[in-house]
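Written out below as structure tokens is the structure these notes cover.
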Amino acid sequence: MITNMLRGAAAFCLVLTPLALLLPTAGATAIATMVPAPEVLPLEDAVGRLPVVEEDRTGYTRDSFKHWNTGLDAADGCDTRDEVLLAEAVQEPAVAAGCKLSGGKWDSYYDGVEVGEADNLGIDHMVPLAEAWESGAGTWDAERREAYANDQGAAASLVAVTARTIRSKADQDPATWMPPLPEAHCRYIGEWTATKLRWGLAADQTEAEALKVYAEACETTVVHYSPAP
């Protein structure tokens with residue numbers, strides 16, 4: 001995935017976790033505790049890894065995904081939304097009591113708009129909550145759905161963009177909606193695919209076919225993702 005100026009390092013790249021942590025034991029034997037290894041794939045191969053299944057939205061409500069919670073730092077007075085805004089700002093805003101943000105600047109990559117007020121931004125779930133539900137999250141427990149809805153462990157899971165583009169997107173997948181800025185399409189498809197792979201979500205047939213078409217046009221795009229904890 002692609003990170004912004006303050007949230008990551010390389011295009012289409014998540015923060016990578018160590019492959020293994022060596023822990024000493026009483027017998028002086030090091031035990032390798034494995035953590036999920038990051039995956040690095042061409043976009044076309046990454047799209048090919050998505051299971052293709054029929055989607056089912058039965059039982060979905062937005063309240064099934066608790067958000068926004070207290071974020072990464074429960075003591076900072078900012079919820080997940082505010083923390084994402086602070087992380088993605090290209091010019092840092094002032095922060096008043098109650099995590100009230102003023103000033104600052106953000107680049108909304110969906111439409112290429114520079115935004116100077118936090119109130120004009122929304123935080124988009126790269127894969128919308130309803131789409132996540134019908135792609136596999138409907139079988140999760142409430143704790144995992146909350147983790148998904150507040151995921152700051154991958155730069156692309158939550159993205160600060162103009163509120164109007166979020167309203168336009170709603171709960172659509174790339175078969176029916178793409179960012180209005182054509183130059184954003186390859187990044188968007190890479191981030192969408194990586195988010196689904198990170199959380200073990202599927203795609204329906206129409207979505208999968210659309211992703212394949214875009215992947216063919218984005219042949220230089222590379223997807224990096226780490227499985228969610």
Side-chain angles (χ1 to χ4, degrees), residues 1-17 36-47 49-50 65 67-68 71-72 80-90 106-113 115 121-132 135-137 144-162 165-166 169-174 177-181 183-203 207 210-211 214-215 218 220-229:
M1 20 251 55
I2 297 204
T3 58
N4 53 50
M5 293 177 65
L6 297 179
R7 297 186 76 194
F12 294 99
C13 184
L14 298 175
V15 176
L16 302 183
T17 55
E39 295 278 356
V40 183
L41 299 167
L43 177 57
E44 188 171 7
D45 292 348
V47 168
R49 287 199 179 187
L50 293 173
F65 295 81
H67 68 290
W68 307 108
L72 297 178
T80 299
R81 180 185 188 279
D82 293 327
E83 289 183 355
V84 172
L85 287 171
L86 288 168
E88 295 200 357
V90 296
W106 292 263
D107 291 331
S108 170
Y109 95 79
Y110 286 5
D111 49 5
V113 173
V115 180
L121 291 159
I123 304 301
D124 188 36
H125 290 94
M126 174 54 58
V127 176
L129 302 181
E131 171 70 21
S135 302
R144 188 158 184 81
R145 288 197 291 269
E146 180 179 353
Y148 176 84
N150 296 274
D151 181 21
Q152 294 188 68
S157 295
L158 302 171
V159 56
V161 290
T162 54
T165 57
I166 295 178
K169 174 181 175 179
D171 56 10
Q172 299 177 83
D173 68 35
W177 188 90
M178 287 290 287
L181 186 67
E183 292 83 355
H185 288 182
C186 290
R187 172 179 175 178
Y188 184 79
I189 291 297
E191 293 187 343
W192 177 281
T193 302
T195 301
K196 284 214 158 182
L197 289 172
R198 172 171 168 79
W199 287 92
L201 298 173
E207 174 191 351
L211 292 173
Y214 282 110
C218 301
T220 62
T221 299
V222 177
V223 171
H224 297 227
Y225 75 95
S226 294

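Between T221 and I189 the shortest side-chain heavy-atom distance does not fall below 4.5 Å.
Nearest heavy-atom pair, V223 versus A194, reported as atom, atom and distance to 0.1 Å: CG1-CB, 3.5 Å. When all heavy atoms of P128 and A170 are compared, the pair lying nearest together is CG-O, 3.6 Å. Here the shortest heavy-atom pairing between Y109 and Y188 reads OH-CA, 3.6 Å. Residue H125 comes nearest to K169 through the heavy atom pair O-NZ, 3.4 Å, listed as atom of the first residue, atom of the second, then distance. Annotation for D151 and S157: closest pair OD2-OG, 2.7 Å, computed over non-hydrogen atoms.
Considering V222, T220, T193 as possible partners of L43, the one that fulfils the side-chain contact (heavy atoms from CB on, under 4.5 Å) test is T193. Just one residue in the list I166, L121, D111 forms a side-chain contact (heavy atoms from CB on, under 4.5 Å) with V161, and that residue is I166.
Between the CZ atom in R198 and the CE atom in M126 there is a gap of 13.0 Å [rounded to 0.5 Å]. Rounded to the nearest 0.5 Å, atoms NE2 (H67) and CG (L158) are 9.5 Å apart. Once rounded to the nearest 0.5 Å, the distance linking CD of E191 with CG of D124 reads 10.0 Å.
With hydrogens and angles ignored, the 3.5 Å screen pairs no side-chain donor or acceptor of S108 with any backbone N or O of V113. Under the 3.5 Å distance criterion, the side-chain polar atoms of E88 are matched with a main-chain donor or acceptor of A160.
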